[in-house]
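Step one of this worksheet: look at the structure below.
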Amino acid sequence: MKRADRLIRLRHTARWDILIVGGGATGLGCAVDAAARGHSTLLLEAGDFAGGTSSRSTKLIHGGVRYLAQGRLGLVREALAERTRLLRNAPHLVHPQGFVVPVHGAWEGLRLGLGLRLYDHLAGADGLGPCRSLSADATLAALPGLRPDGLRGGLRYQDARFDDARLAITLMRSAEALGALTLNALRVTGLLHAGGRVAGVAAEDGETGEHFELPARVVINATGVWSDAVRRLDDPDAPPQLAPSQGAHVVVDRDFLPGDDALLIPRTDDGRVLFVIPWQGRLLLGTTDTPRTDLPAEPRPLGAEIDFILTTAARYLTRAPRRDDVRSAFAGLRPLIGGTGASARLSREHLIQVSTRGLVSVAGGKWTTYRSMAEAVVDRAEAVGGLPPRPCPTPTLRLFGAPTAPTGDVYGCERAAIERLPGAGRRLHPAFTLSEAEVRHAARAEQARSVADVLARRHRALFIDAAAAQQAAPAVAAVMASELGWDAPRTHEMTEAFHRLAEGFR
């Protein structure tokens with residue numbers, strides 16, 4: 001469906017059952033859930049789907065080993081069950097990943113071993129294989145590039161990795177296949193009230209400036225770190241719920257740790273863990289936990305965060321990564337539930353709140369549990385909106401494009417159709433797999449509206465190698481221009497906008 005057709009449907013729908021504000025993991029999960037239950041569903045996103053935090057995660061679908069030490073066993077158990085569902089329902093996007101934890105002391109080995117075996121126990125039938133002890137030689141074989149100094153052995157366990165932005169786009173496609181309407185570049189500017197209740201939203205098209213008033217039986221606020229701002233559209237005196245925290249990551253070449261297993265550094269100087277994960281042919285290193293009182297639309301890693309990641313990794317790798325080895329660096333803002341103390345100890349669990357006027361707000365959570373969060377939110381929205389309660393079908397709902405067997409192709413069953421588009425055999429830059437046909441598919445089927453939509457989220461070029469992504473931008477812009485009817489000034493403007501964005505990733 002073209003954007004023009006989506007806008008026609010938007011104008012001609014008298015009232016929606018469920019209207020969702022926010023196109024990140026939680027909002028898209030709610031759209032899939034609500035549409036799967038048969039409710040008329042609208043999702044509005046001010047920027048692009050997963051344009052914020054939901055494309056900037058550590059790329060893990062996991063129970064959260066470090067949450068064990070915090071005593072959050074319920075969160076871990078729930079996340080491990082959801083990990084199994086995602087492996088089954090999105091086998092083109094979520095894959096098992098081995099992790100190795102180096103051990104340098106007897107007490108460290110005992111403590112880590114007990115924790116990982118508890119992790120296995122909590123997984124139960126959802127486990128991906130038991131934790132195994134490794135000798136020092138076996139640890140070095142699993143992690144070529146690991147420093148051998150003082151190494152006594154290691155522990156290997158199983159979790160899962162994924163492509164966060166591609167999962168978000170897949171959720172958008174899934175929701176629409178189920179009858180929902182989703183629109184990016186459409187910003188909510190206010191809430192409608194009737195009879196003292198929230199009765200819809202006012203919105204503005206970011207491309208044309210057209211204004212809309214969109215009635216709905218219930219509105220879900222799923223805007224992540226901007227949740228408090230939307231709550232104040234309903235109640236200007238609403239107290240803050242969130243204590244946002246920034247997580248930074250850097251990407252370096254794979255040859256720093258060329259094996260298939262990921263490295264888990266079990267304790268950093270700030271008491272966290274650090275991951276070094278094979279991803280997209282590179283290595284992803286992260287993350288940090290830095291409180292933020294501001295909420296920039298494009299958060300940048302702080303210099304101290306980059307230094308912290310590189311310095312920590314250097315203690316474990318035979319070849320220490322330096323700043324000039326960084327291919328891309330990015331940061332996301334976590335919508336942590338507020339409290340006192342260090343942000344690393346704030347809750348990763350979610351909170352659902354219903355205002356006195358009926359605005360349903362969800363905050364907190366993480367990618368792994370997006371589905372179970374959405375189920376709980378839509379259950380509450382049905383009650384608030386007076387909708388008929390319907391069973392949730394998403395535990396067994398296979399997502400859009402899911403093949404019958406696991407595959408490394410993020411397009412899954414759509415690959416054959418993409419290969420029939422013009423330019424299927426033409427790669428747009430030697431550093432990436434991105435083809436002209438995939439750009440056309442992004443514009444035609446995945447609501448890509450800018451060069452950044454393609455190079456940051458439909459394909460992950462910006463996160464893999466920011467400099468190479470800048471080189472690819474003119475070719476991507478030319479294909480987008482042919483698909484979306486951009487003239488020469490608009491094409492140049494879009495290319496330059498991406499160059500400015502990419503500078504912040506270099």
Side-chain angles (χ1 to χ4, degrees), residues 57-90 94-135 138-139 142-143 146 151-162 164 247 259-268 270-279 284-287 289 316 334 344-350 364-373 395:
S57 75
T58 313
K59 322 306 178 196
L60 297 180
I61 296 295
H62 64 143
V65 171
R66 70 186 184 87
Y67 304 143
L68 294 174
Q70 300 169 1
R72 294 174 178 166
L73 302 188
L75 174 62
V76 174
R77 184 181 292 109
E78 176 192 15
L80 289 169
E82 291 300 317
R83 180 187 69 182
T84 296
R85 292 188 175 106
L86 271 165
L87 284 163
R88 180 178 63 239
N89 294 334
V94 183
H95 307 279
Q97 173 66 59
F99 288 78
V100 174
V101 189
V103 173
H104 292 88
W107 167 243
E108 180 186 47
L110 178 61
R111 178 177 60 84
L112 293 171
L114 288 173
L116 290 172
R117 286 173 176 85
L118 174 58
Y119 197 60
D120 288 344
H121 175 73
L122 291 172
D126 293 317
L128 301 178
C131 170
R132 298 189 182 280
S133 297
L134 303 176
S135 67
T139 302
L143 296 174
L146 182 70
L151 186 68
R152 298 186 61 162
L155 294 160
R156 189 176 191 273
Y157 73 99
Q158 292 287 330
D159 243 321
R161 73 178 192 280
F162 79 129
D164 47 13
D260 293 330
D261 284 319
L263 164 64
L264 169 61
I265 296 173
R267 189 170 182 84
T268 60
D270 63 352
R272 293 170 45 79
V273 300
L274 190 84
F275 293 100
V276 181
I277 303 167
W279 183 71
L284 177 71
L285 284 64
T287 183
D289 212 324
Y316 286 80
R334 304 183 188 94
R345 293 192 294 271
L346 296 181
S347 179
R348 265 62 176 173
E349 296 175 276
H350 67 273
K366 59 179 187 169
W367 250 119
T368 303
T369 54
Y370 89 87
R371 191 215 61 82
S372 58
M373 288 169 56

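The first residue of the sequence shown is numbered 1, and numbering continues consecutively from there. All values below come from the heavy atoms of this structure, side chains included, with hydrogens, waters and symmetry mates left out.
- Distance alone, capped at 3.5 Å, is enough to place a donor-acceptor pair between the R117 side chain and the G113 backbone.
- Counting heavy atoms from C-beta on, the side chains of F99 and L60 come closer than 4.5 Å.
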Please report the C-alpha distance between L86 and F162 in whole Å, then the side-chain angles of each, then the deciding distance to 0.1 Å, and finally whether the side chain to side chain contact (heavy atoms under 4.5 Å, CB included) criterion is met.
-> CA-CA 10 Å; L86 271 165; F162 79 129; over 6 Å; no
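- Rounded to the nearest 0.5 Å, atoms CD1 (I61) and NE2 (H95) are 11.0 Å apart.
- Inter-residue side-chain proximity for D289 and R334 is flagged as met; some heavy-atom pair is nearer than 4.5 Å.
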Just do the side chain to side chain contact (heavy atoms under 4.5 Å, CB included) check on L122 and L68 with the steps written out, would you?
-> CA-CA 10 Å; L122 291 172; L68 294 174; 3.6 Å; yes
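- Side-chain contact between V273 and V65 is absent, with no heavy-atom pair separated by less than 4.5 Å.
- The two residues G63 and A79 come nearest to each other via the heavy atoms CA-CB, 3.6 Å.
- A donor-acceptor pair is defined here as one N or O able to donate and one able to accept, closer than 3.5 Å; no such pair exists between the side chain of K366 and the backbone of S57.
- D260 is not listed as a side-chain neighbour of P278, based on a closest heavy-atom distance of 4.5 Å or more.
- In this structure, the side chains of W367 and D164 come closer than 4.5 Å at one or more pairs of heavy atoms.
- Summarising the geometry of L155 relative to C131, their closest heavy-atom pair is CD2-SG, 4.0 Å, with the distance given to 0.1 Å.
- At a threshold of 4.5 Å between non-hydrogen side-chain atoms, the residues H350 and T369 do not count as touching.
- Contact detail for E82 and T368: the closest heavy-atom pair is CB-O, 3.3 Å.
- Taking each heavy atom of A142 and D261 in turn, the nearest pair found is CB-OD2, 3.6 Å.
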Mind running side chain to side chain contact (heavy atoms under 4.5 Å, CB included) on L118 and L73 for me, showing each step along the way?
-> CA-CA 10 Å; L118 174 58; L73 302 188; 4.2 Å; yes
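- Between the D126 side chain and the L80 main chain, no donor and acceptor come within less than 3.5 Å of each other.
- The heavy-atom pair separating Q97 from A262 by the smallest distance is NE2-N, 3.4 Å.
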What do the steps show when you test D159 against R83 for salt bridge (Lys or Arg N to Asp or Glu O under 4.0 Å), and what is the final call?
-> CA-CA 8 Å; D159 243 321; R83 180 187 69 182; 2.8 Å; yes
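- Using a 4.5 Å cut-off on side-chain heavy atoms (C-beta onward), Y316 and L146 make contact.
- By the 30° and 60° cut-offs, the orientation of the rings of Y119 relative to Y157 is perpendicular.
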Please walk me through it: do L264 and F275 pass side chain to side chain contact (heavy atoms under 4.5 Å, CB included)?
-> CA-CA 5 Å; L264 169 61; F275 293 100; 3.5 Å; yes
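- Proximity of L151 to V103: side-chain heavy atoms (C-beta onward) are nowhere separated by under 4.5 Å.
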